[in-house]
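Everything on this sheet refers to the single structure shown next.
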Amino acid sequence: MLDPIRTQSNIAPTAHVREAETMRVSRATFDEVMFQTYVPAQFVPLRASGSRIWDTEGKDYVDLAGGVAVLSLGHCHPALNAALKAQADRMWHSSNYMTNEPALRFAKKLTEATFADRVFPCNSGTEANEGALKTARKYASTRHGDKKFRIISTTNSFHGRTWLAVSTGGSPKYTKGMGPVPAGITHVPYNDVDALRAVMDDDVACIILEPMQGEGGMFPGSAAFLGAARELCDKHKALLIFDEIQSGVGRTGALFSYMQKGVTPDILTSAKGIGGGFPIGCFITTDEIASVMQPGTHGTTYGGNPLGAAVAETVLDIVNNEAFLKRVLVSEQRLRDGFAAINKRHNIFKDVRGEGLWLGCELVDKYDNRAGEFMKAGHRNQVVFLTAGNNNILRFAPALNITDADIDHGLERTERAIVEVVNA
Ligand SMILES: *Cc1c(COP(=O)(O)O)cnc(C)c1O
């Protein structure tokens with residue numbers, strides 16, 4: 001058995017040599033042939049290992065972004081590579097006309113580790129939320145009648161990119177020009193208990209919340225707010241959905257964030273970290289709620305496919321371990337200490353907040369709306385981190401097993417990037 005904490009990718013940097021290519025492509029190719037919905041970094045990553053990335057020029061980068069909180073075990077973790085390769089030699093796809101062993105093992109382990117009795121595996125976070133919201137509405141209409149369909153969400157929340165997900169999410173900019181969008185959704189400010197109370201009634205089917213708002217600005221959910229959501233759902237026979245797509249799978253130092261918050265949802269959605277880089281998601285719930293979803297009610301071609309399930313099962317084996325989760329909090333402290341030291345020298349952050357290895361550094365007013373400049377300076381200084389909120393936050397979500405040395409190198413390079421912007 002691999003040591004869950006100390007095991008890192010064993011691909012040596014010397015293996016990162018350029019291979020023969022059939023076609024020359026570069027960053028400029030992106031601007032030629034891709035939808036311009038993203039503005040990716042100027043370098044093109046070629047290989048990666050642990051918390052390091054090498055680009056096509058052979059330059060190395062410290063990865064403090066973890067592929068946006070996806071790479072729970074870093075790049076190319078040996079146990080995940082082994083699980084994926086072994087499954088690739090066994091079977092790739094079975095379809096929903098047959099089940100498969102990795103999916104069954106994954107679901108069994110996930111239900112044993114959580115409040116849930118049942119798992120619906122899918123392919124992404126958006127799809128998990130879509131299924132969770134459909135389940136909540138189906139449950140409400142089945143048990144209480146067709147009038148009970150309202151969805152309560154929060155402003156600045158992020159729940160994915162389908163129509164239902166962007167409508168539920170709290171950023172109007174993501175639905176602009178794409179209407180009409182699904183009806184029956186109400187938004188209240190995050191962590192505002194009174195606003196939440198004011199919009200609740202018996203026609204509400206569900207409340208959907210991130211236990212900590214990530215994209216929206218790295219705001220941990222308060223005990224009062226999450227507790228009120230639970231209480232109001234119970235009172236009005238609505239379901240509480242926790243979107244743990246970014247907060248789950250060890251990110252906050254617990255297997256799922258709800259376990260630390262002391263509030264148990266009725267439905268939980270997971271993706272990102274659960275696959276450690278392989279696209280898989282799921283929503284999980286109780287027997288009682290899942291019982292309204294009958295054969296034919298919902299489906300997906302690739303959900304629970306053996307490759308993804310084999311990887312996710314292995315991620316769970318490693319992350320659902322007390323010592324591993326404790327170590328996340330130790331690394332959090334090391335990062336926080338590093339940010340405090342940087343701030344002492346440069347007075348650049350007005351707040352550092354977050355939970356576990358999921359931290360946001362809010363820039364002082366002078367650099368409002370300029371987080372993207374710091375991110376680009378990071379790339380020039382060979383470190384990758386993210387932004388959040390109103391382009392005023394530097395967001396960090398490294399691999400949960402990042403080494404102390406990589407944290408320290410990442411911080412050094414982050415500080416150099418900050419100095420570059422400050423002195424520009
Ligand atoms: C990333 C994310 C999603 C969407 O997941 P995809 O896999 O991109 O579809 C939904 N909710 C939260 C909180 C997320 O962070």
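Residues: numbered from 1 along the sequence shown. Just follow the structure's listing: the first ligand is 1, and inside any ligand the first atom is 1. Bear in mind the structure is a predicted one, so any value in this text is a computation, not a measurement.
Listed by atom number, the atoms of ligand 1 under 4.0 Å from H159 heavy atoms are 10 (C), 11 (N). Residue N129 has at least one heavy-atom neighbour below 4.0 Å for each of these atoms of ligand 1: 10 (C), 11 (N). Taking every non-hydrogen atom of S124 and a distance limit under 4.0 Å, the qualifying atoms of ligand 1 come out as 7 (O), 9 (O). The atoms of ligand 1 that sit less than 4.0 Å from any heavy atom of G160 are 4 (C), 10 (C). Listed by number with element, the atoms of ligand 1 under 4.0 Å from a non-hydrogen atom of K272 are 1 (C), 2 (C), 3 (C), 14 (C), 15 (O).
Annotation: E127 places no N or O atom under 3.5 Å from an N or O atom of ligand 1; distance criterion only. The distance criterion of under 3.5 Å between nitrogen or oxygen atoms is not met by E215 with respect to ligand 1. Taking distance alone, with nitrogen or oxygen atoms compared against 3.5 Å, E210 stays at or beyond that limit from ligand 1. Close N/O approach between G125 and ligand 1 is found [any backbone or side-chain N/O within under 3.5 Å]. Considering backbone and side-chain N/O of F158, one or more are found under 3.5 Å from N/O of ligand 1. At least one N or O atom of D243 sits closer than 3.5 Å to an N or O atom of ligand 1.
Salt bridge status for D406 with R52: present, with a side-chain N to carboxylate O gap under 4.0 Å. A salt bridge links R197 with E231: the distance from a Lys NZ or Arg NE/NH1/NH2 to an Asp or Glu carboxylate oxygen falls below 4.0 Å. Ion pairing between a basic and an acidic side chain is recognised when a charged N comes within 4.0 Å of a carboxylate O; D203 and R150 show no such pairing. Salt bridge annotation for K350-D368: absent, with no cationic side-chain nitrogen under 4.0 angstrom from a carboxylate oxygen. With respect to R230 and D266, a salt bridge is recorded, a charged nitrogen being found less than 4.0 Å from a carboxylate O. Using a 4.0 Å cut-off between a side-chain N of Lys or Arg and a carboxylate O of Asp or Glu, E322 and K326 qualify as a salt bridge.
Within the 4.0 Å heavy-atom criterion, neither part of V68 lies near ligand 1.
Using cut-offs of 30° and 60° for the angle between ring planes, the F158 and Y174 rings count as perpendicular.
Of all protein heavy atoms, the one closest to atom 8 (O) of ligand 1 is T126 OG1, 4.3 Å.
With respect to F278, the side-chain contact (heavy atoms from CB on, under 4.5 Å) criterion is satisfied by exactly one of N123, L80, L84: L84.
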Exercise for review: Please test Y61 against H379 for ring pair (Phe, Tyr, Trp, His ring centres under 6.0 Å), starting from the C-alpha separation and ending with a verdict.
Suggested key: CA-CA 8 Å; Y61 299 78; H379 297 164; 7.2 Å; no
